[in-house]
**Q** 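Got a structure for you, written out below as C-alpha cells; questions coming shortly.
A note on names: the letters A, B, ... follow the listed sequences, proteins ahead of strands, and every chain is numbered from 1. The structure presented is a predicted model; accordingly, all values stated were derived computationally and were not measured.
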Amino acid sequence: MSKPLSWRAELRRQLGRRRTLWMIGIVVALPLVLVAAFSLDDEPGRPGDPTVRLVDLATGGGPNFTVFAFVVSAELLLFIVAALFAGDPVPAEASWASLRYLLTAPVSRARLLTSKLVIGFLSTATLVIALPAWSLVVGTLAYGPQPFSILGGGELPWAEWLPRMAVAVVYVLVMILPIGAFSFWVGVRSQTPLAAVGGALVLLIVSGILDSIDALGDWRKALPGHYSRAWLDLLVSGPVDWTDLRHGALWATLYTVLFLALGYRRFRRQDILS
Amino acid sequence: MQRLARQRRRGAVASAAVAALAALVLVAAPAGPASAVPAAPSAPGVVPAESGVRTTDQMVDVGPESDGTAVRLDTRLYLPAGTGPHPAVLLAHGFGGSKESVDKEARQYAADGTVVLTFTARGFGRSGGRIHLNSPDFEIADGKALLDLLGSRPEVRRDGTGDPRVAVAGGSYGGAFALMLAGVDPRVDATVAAITWNDLATSLFPQGAEGSTDPGPYKQLWGARFFGASVGSAGGATGATGPAGATGATGPSSGGTGGTTPAGATSPADVLCGRFDVTLCRQLQDAAETGRPSPALLATLHRNSPRPTIAEVTAPTLLVQGESDTLFGLDQADANAAGLATAGTRHAVRWTDGGHDGASSNPGLDEDAARTWVRTYLAGTRTDALPVPAFTYSLPIPRRTDTAPVATLDTYPGLRDGLEQVPLRRPDRPAVVLTPPGGQPSSMTSIPGLGATELPTYRLAALPGMSAAFDSTVLDRSLTVVGTPSVRLSVTSTGAEATLFVSMWRVEGTDAVQQRSLTTPVRVALTPGKATDVTVDLPASVWSMAAGSRWRVLVTSTDSSFTTPREARADRITLADPVLEVPTAQGRIAASSTERDTETLALASAILGLLAGITSAALLRRRRRHREAVREDYADIPLVVDSLVKTYSDGHRAVDDVSWRAERGQVVGLLGPNGAGKTTTMRMMLGLITPDSGSVHVLGRPVHPGSEVLGRVGALVEGPGFLPHLTGRQNLEAYWAATGRPAEEAALDEALAVAALGGALDRPVRTYSHGMKQRLGIAQAMLGRPEVLFLDEPTNGLDPPQIAAMRPILQSYAATGRTVVVSSHLLAEVEMTCSHVVVMHAGRVVTAGPVTELLASEDTTVFELASVASIAPARAALAGADGIRSVEVVDDPTKPTVTVVSDRAREAVVRAVVESGAEVVGVGSRRHLEEVFLGVIASSQGPSGDGSGDGDGAGSIVERLRQVRAR
C-alpha cells in the first residue's frame, strides 16, 4: 500500500489537462516562432550604424539565441508557468468538485498539498529546463554553434557558457518559486483557479511597477522579481559577482517558504465547502 | 534594469560624498569659502562643545607679505577632554577651503584625545595675505609659526622646548603643506598627505613620453577652475586680509585685498587674480594663454612642491592618492614615496578610488587608516613598525556594488612592477590623426571634477579622423593592472612637435568604456616626415582586465582638458611594438573591505527563523494528534455522531447538538428540509468540515481531516466530482490510485456494474449527462466496498427505472453487514429503501428510529379530514380526552390530517373525533413518511404544535417549510 495520492497518481491527474498541454505546446513553439520571426527580418541594419541590434545578437549562434529566448520568456512566461502549475491544481480540484472526494479517499490535507506542489514544481522545472535546452537545439541548428558573445564585448566559450547557463536556469527556477508559492496560497484560500493565477500576476505586475519607482530606494530589494534578472550577472567575462544572485535566491526562498507555510496552515484548518 | 542598477550605485557613491576624506578633498566649488560657513567669533573665545571637546578661535600673527603687509591667520584650537598634556594634530585644508572645512576631522581627532589646531591658509577665508601656492617662504613658514603656537600651549605634550609632539595632516593643497612642512621642520612627528602633488610643474604640465623632462600641455580646465575659485572668492572674502592690527573681521568698506591697496579701489590685477599672489598669477595666466610655462613659472612651481624637501622628511608619512584623479595622479604619490624611500623614512601608500574627481567608495577605511597612522606615531617613535599595510589599493567597483574591494601588499611595488604583455593588433593601415586648425573640435575623455559620471562617452572621445585606436587581442586570462601601462608608438608628423593624448578603454561590442577616466598627454619633438618612436606611459591606476575582454589604446590629437596646439597637423601613428605592457599585482583582498552583507545575513536568519517556527508548530501538532480519542466501546458501531455543533463564521448555527448512530446492516435515511443541516452533518462525518464541538466516530475511530478510517467510508456528497478530461473508467482508476490502496481491493467491476454506463465509460466525463455522472459518483463511492456508505441525494438526476434499480442495490449492500446512510428529499423513496430514518430540522435531530415504527403502530390513528376547518373541532375533542399522548396536525389545505397517538382504543378515538363534528373522510393506522415528516417537523416548531389555527399568521406548515430557513 503506497501513500495516498502518490506523485504518480497526481501526475496522471494533471498530465492530460488542456492547460498542461498548452504550456508544453508554447514552450515547444516559442523557439520556432522566434526563428521564424527573425527570418522575416531582411533589413541587415544600416551600414555604419554602430548600434548593435538585438536581432543581430540573438541570431549569432545557438548560445546567443538560447539566452535571448530565455530572457524574453523569463520576463513573464515562466512566471505564469509557475503560477499555473503551483496555484491551479488545488482550486481546479475544488472547481471539479473532486477535491472533497480526494480528501475523503482519504488523502490527508498536508499530503494532498505536498503531492500537488511536488508535481507542480516538477512540471515547472521541466518546462523551465526544457525551454533553454530546446532553444539551444533550435538555435544551434538555425544559427550555428558560435560561442556566446557577451554584451559588453568578448566571448564565453561553450565549456564556460554551459555550466553558467545551467546555473542561470536554476536561478530563474528559484526566482519564479515565490510567484508559484503565492499563487498556491491564493488558490488554497480562494478555491478559484482564476484568482490563483490572476493574483500571482497582479503581484508580479504591481511589484514591477513599484520596482520602477526610484524613490523607494533599497526597499525595492524586497519586491519579488526585483532580482529576477540577476542571472545575467552570470553571463559576463571573468569571475561572477554572486551578490545579487545570492540576495535574489534568499529573498525567493524566504517568500516561497512563507507563502507555502501560509497555504498549508490555511488548508489544514479550512472547511471544504466546494 | 541593468542600467538602473548601475545608476543606483552611482547615486550611492555620490551620497557617500559626505565622507571625511571628501572634506579633505580640494573644494572646487567657486563659492567664497568664508561666505559659505557661519561666521566664527573673531576674538579669542572658548566654545564648549559636545563630547568634552572645547574650541578656541584665535587670530595668529604670521610673517608679512612681500610688500610688508602684516598677515594674521584665522585658527581654531580643539582641546580634548581630560587633563593633558596631549599630543597635537595640525590639520590643513584644501584649496578654496577654510578651517571650517576640516571641522569634522578635527573633532574626530580631538575625540581621540589629541589637541587639534586648524587654520585658514594665507589668502583664503578670513585669514590675511595672498595665495602663493604653498610657497616655502609664506605658507610653509606659516606652518612653522603654527607649530610654535602648539609648542607654547600647556595642553600640548612636548618632546623638547618649543617642540610639540605633533602630526600634520591634510588633503590636496593641505597635503602638500603637510609634506613640505615636514620637510623643513623636524618637529613634525607624523604626516598624512592625501591626494596631493610631488611637483606642481609636472602635475599642471604633465608629460607622458617616457624619459622626457619637457613640460607637457597645460591642464587648462583644472587651471581655470582654480582661477575661478580664487577670483570668485575675492569679492566674497571681504576683509580677509585686514590691515595690521585689525581683528580680521573688517567691514566691507575696507574690502581691499592687500594692505597697500586703498580701500574701495580695485586694480585690474585684483579683478583678474583674486587673492592670488600677483606675480604668480600673471605667470599662470601667460601659461594658460600659450599652453607653455615660462621658465620662471616652472621654477616657482618646482619650488612650491614637496619634491625639493621630500628627502628631508623624517616623520613617518602616509600617502593617500586617488586612482582616477585627473589633477594629481598616482605618479605624484609615487614620486613622493620614492623620495621618502630614499631618505629611509617610514611610509605607506594608499590608493583609494576617491580623489579630486569623486569621493572614495570606502571613506571609512581611508579615515581609519589616517587616524591609525596618526595615533601610532604620536604615541610611539618614528621607527615603529607600520600600523597599516605598506601598500593598499582599490580595485574597480564591481558591477552593481557600492564599494571597491581593497587589496594590500606588504611592500610598495611602484608603478612598473610585475610587467605583463598584452598583445595589440596592428591595424591594416597606419592611422593618420589630424589636428584641425584652431584645435577644435576637442576630444573629451574626462571632465575634471566629474570623473565618476557617465560622460564622456567613447564617441565624444574618438572623433573621426582625429583619433587612432589600437585593440588588444581577447585576453585569455584575467589581469589586475596596478600601475602605469605603457605602449610604444611610432609617430610620423607633418610638424616639428606632436601633441597627442592617449587613453585606455575596454571594448564593449562596437562601443568602448573607460574603467578609469584618465588621459595622458604626450608632447614630443620630432623631425617632420621622419618616424619617431616614443614610449607612452599611460596614467597610473588600477584596472581589472577580465579574461575574455578586449582593450583599446586610443590616441587622439586633441583633448578638451588640455591646451592643445592650434596649428593644423597630421600624424601617422603606428605601433612600434604591438604590445601593451601592463604592471600587475596580486594583493590580498582585505576582508574588511568587502561590505558586510547585511542583506544576506538578515535574509538567512529570517528564513531560518521561519523554518524553525514551522517545524516547532508541526511538532506541537503531531503531539496533539497522538491524543486523539479512540473509542473502543464504539468499535463495532459503524457510525456514531455525538453532539455535533457547527456555527459558521457568519453566526449561522447550521448544526446544533446532533447525535445519532447507525448500526451494521442498516440503510439510514437522513431527512430534513433545506437548511436542516443534513449536508453540514454529512461533511462533518467525512472530516471536510471541522465541528466546533462533538465528534464523529466510524467504527470507534474519530473522524478528522485525513483520518485513515475514512478509507472505510465511501461517499457521494452534494453531487459527483470528476476530472473532466479523463474518461469515466480513468476517473475511477485515478480516484482509487489516490487512495493509495492496491488495485485489487477496488472491486472495480462491481462498481462499474452499479454505474451501468456501458460504452460511455471510455468517453471523457465532460461529455456525460447529469445522471451518468451521478451513477459514476455512486460507483466511485462504492469502490473498495467500504463498510460505511454515505450517499447524499443519490437519486438526483436518475430516471425512475434507475431509481428503482438503485433500491435493491443499496439494500443488498447493507444486507452484507455494511451500513448505508442516504440523505434524500424523496420521502417515498426513503420509505421504500431505508430501514431507519433520522429527521433533522433547523440543525437538530427531531426524530430518529426504524421506518416501520415511525410509520405504523397500534396506538396511532390517522384522520384525513375534509377541510382545514375540521381541524379545530377535532383538536378540541382530543385535547380534553384522557390517554391522548400526542396530536400531530398537518394543515395542508389539500389534505389536512390529524395524527393521534393515544393509549385508548382506536375506536374510542375515532368516535371522539367524529362526535366533535369534524368531517372525517378517512381513518388509517399507517401513515406515509411524508405525514410523519411534516408532523414531527410541525411539532418541533415549538408552540405551533397547537397553533394550527393561527395558520393565517405564519401560513400553513407546508408553506412555512417551503420558505428557505432564515439564517
**Q** Search all heavy atoms of B:Ile689 against all heavy atoms of A:Ile272 and return the closest pair with its distance.
**A** CG1-O, 4.2 Å

**Q** What part of B:Leu716 gets within 4.5 angstrom of chain A, counting heavy atoms only: side chain, backbone, both, or neither?
**A** both

**Q** Between B:Arg712 and chain A, which part of the residue has a heavy atom less than 4.5 Å away: side chain, backbone, both or neither?
**A** neither

**Q** Over all heavy atoms of both residues, which pair between B:Ala737 and A:Ala9 is shortest? Give the atoms and the distance, please.
**A** CB-CB, 3.9 Å

**Q** Donor-acceptor check, side chain of B:His725 to backbone of A:Arg13, threshold 3.5 angstrom: yes or no?
**A**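 Checking the backbone N and O of A:Arg13 against the side chain of B:His725, a donor-acceptor pair under 3.5 Å is found.
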
**Q** Out of B:Glu718, B:Glu733, B:Glu708, which one racks up the most heavy-atom pairs below 4.5 Å with chain A?
**A** B:Glu718

**Q** Below 4.5 Å, heavy atoms only, C-beta onward: do A:Asp218 and B:Glu599 meet side chain to side chain?
**A**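 No - every pair of side-chain heavy atoms lies 4.5 Å or more apart.
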
**Q** Any idea which of A:Arg8, A:Glu93, A:Arg17, A:Arg12 has the most non-hydrogen atom pairs under 4.5 angstrom with chain B?
**A** A:Arg17

**Q** Please flag which part of A:Arg18 lies under 4.5 Å from any non-hydrogen atom of chain B: side chain, backbone, both or neither.
**A**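 Looking at A:Arg18, just its side chain touches chain B.
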
**Q** Is atom CH2 of A:Trp7 surrounded by more than 12 heavy atoms (other residues, nucleotides or ligands) closer than 6.0 Å?
**A** no

**Q** In terms of heavy-atom pairs under 4.5 Å with chain A, which of B:Gly711, B:Ala734, B:Gly714 leads?
**A**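 Of the options given, most contacts go to B:Gly711.
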
**Q** Is any residue of residues 99-108 of chain A within less than 4.5 Å of chain B by heavy atoms, and which ones?
**A**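 Residues of residues 99-108 of chain A touching chain B at under 4.5 Å: A:Arg100, A:Tyr101, A:Leu102, A:Leu103, A:Thr104, A:Ala105, A:Pro106, A:Val107, A:Ser108.
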
**Q** For chain A, find which of B:Ala715, B:Ala604, B:Ala738 contributes the most heavy-atom pairs closer than 4.5 angstrom.
**A**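 Among B:Ala715, B:Ala604, B:Ala738, the one with the most close pairs to chain A is B:Ala738.
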
**Q** Side chain, backbone, both or neither: which part of A:Glu10 has a heavy atom under 4.5 Å from chain B?
**A**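 Nothing of A:Glu10, per the 4.5 Å heavy-atom cut-off to chain B.
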
**Q** Examine whether an atom of A:Leu273 lies under 4.5 Å from a heavy atom of chain B, and if so say whether it belongs to the side chain, the backbone or both; otherwise answer neither.
**A** both

**Q** Please identify, among B:Gly687, B:Pro720, B:Ala617, B:Ser544, the residue contributing the most non-hydrogen atom pairs under 4.5 Å to chain A.
**A**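 Option with the greatest count: B:Pro720.
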
**Q** Within a reach of under 6.0 Å around CG of A:Leu162, are more than 12 heavy atoms found that belong to other residues, nucleotides or ligands?
**A** yes

**Q** Would you compute the distance between atom CD1 of B:Ile607 and atom CG of A:Leu250 and round it to the nearest 0.5 angstrom?
**A**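 Rounded to the nearest 0.5 Å, the CD1-CG separation comes out at 5.0 Å.
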
**Q** Please report the interatomic distance CZ(A:Arg268) to OG1(B:Thr690), rounded to the nearest 0.5 Å.
**A** 10.5 Å

**Q** Who among B:Thr600, B:Leu610, B:Leu686, B:Leu475 has the most heavy-atom pairs with chain A under 4.5 Å?
**A**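 Looking at each option in turn, the highest pair count goes to B:Thr600.
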
**Q** Short question: side chain of A:Arg109, backbone of B:Gly706 - any donor-acceptor pair under 3.5 Å?
**A** no

**Q** Heavy-atom pairs under 4.5 Å with chain A: which of B:Leu726, B:Ile614, B:Val703, B:Val717 has the most?
**A** B:Val717

